[in-house]
Amino acid sequence: QLQAFGGGLVQAGGSLRLSCAASGRTSSSYSLGWFRQAPGKDREFVAAFWRTRTYYADSVKGRFAISRDNVKNTVYLQMNNVKPEDAAVYYCAADSSLILSSVRLWEQWHYWGHGTQVTVSS
């Protein structure tokens, strides 16, 4: 089970940190990721851990950072220099057997948390 929190209202150019806690049986070998969905748009990839490597969408590279605490079973998304187009519902996801070519495909991830809303004021 995944629980995401930390969303809220942030001013453009500001920062926000999202957290996602995983309960139940998890492992440091699990892939953990963040996706987002804006109104009227498809769910899109934001960032992920696949094994020990991190991957980012081009739109957030250099601004967002994903990190994980394997002791706490928690994955974080540090959002810096937030832009209005970053406004969306953010979802965390996990998978125990994801292959690298599927990291950016939300349909391939098995476990999902409830989303947390990020609103950006300009």
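The structure presented is a predicted model; accordingly, all values stated were derived computationally and were not measured.
- Within the model, atoms CH2 of Trp34 and OH of Tyr76 stand 10.5 Å from one another, a figure rounded to the nearest 0.5 Å.
- In terms of heavy atoms, Leu16 sits closest to Gly8 at CD2-N, 4.0 Å.
- Residue Phe35 forms a ring pair (Phe, Tyr, Trp, His ring centres under 6.0 Å) with just one option from Tyr90, Trp106, Trp112, Tyr91, and that option is Trp112.
- Between the CD atom of Glu44 and the CD atom of Gln37 there is a distance of 9.5 Å, given to the nearest 0.5 Å.
- Clustering ILVMFWY residues whenever any of their side-chain heavy atoms sit less than 4.5 angstrom apart, transitively, puts Trp109 in a cluster other than the one holding Leu105.
- Under a cut-off of 6.0 angstrom, the local environment of CD in Gln117 is crowded, with over 12 non-hydrogen atoms contributed by other residues, nucleotides or ligands.
- Taking CG of Asn81 as the reference point, atom OG of Ser15 lies at 8.0 Å (rounded to 0.5 Å).
- Taking CG of Leu18 as the reference point, atom CZ of Phe64 lies at 8.0 Å (rounded to 0.5 Å).
- With contacts defined as side-chain heavy-atom distances shorter than 4.5 Å, the pair Arg36/Val60 qualifies.
- Side-chain atoms of Arg63 and Asp86, non-hydrogen and from C-beta on, do get closer than 4.5 Å to each other.
- Using a 4.5 Å heavy-atom threshold, the side chains of Asp95 and Gln108 count as separate.
- Listed for the Trp50 side chain is no donor-acceptor partner under 3.5 Å among the backbone atoms of Tyr55.
- At distances below 3.5 Å, not a single donor-acceptor pair connects side-chain atoms of Tyr111 with backbone N or O atoms of Leu32.
- Ser19 and Thr74 get closest at one heavy-atom pair: CB-CG2, 4.4 Å.
- Following chains of ILVMFWY side-chain contacts shorter than 4.5 Å, one can reach Val46 starting from Val82, so the two form part of one hydrophobic cluster.
- Phe45 and Leu100 fall within the same hydrophobic cluster, where Ile, Leu, Val, Met, Phe, Trp and Tyr residues are linked whenever their side-chain heavy atoms come under 4.5 Å apart, directly or through other members.
- Heavy atoms only, all atoms of each residue included: Ala47 and Leu77 are closest at CB-CD1, 4.1 Å.
- Expressed to the nearest 0.5 Å, how far OH of Tyr56 lies from NZ of Lys61 amounts to 10.0 Å.
- Nearest heavy-atom pair across Ala94 and Tyr30 is CB-CD2, 4.3 Å.
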Quick one, Ser121 with Leu9, criterion side chain to side chain contact (heavy atoms under 4.5 Å, CB included). Give me CA distance, side-chain angles, the key distance, then yes/no.
CA-CA 7 Å; Ser121 64; Leu9 176 65; 4.1 Å; yes
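- Between Ala88 and Ala38, the closest heavy-atom pair is CB-N, 3.8 Å.
- Remark: Arg68 CZ to Thr54 OG1 distance equals 11.0 Å, nearest 0.5 Å.
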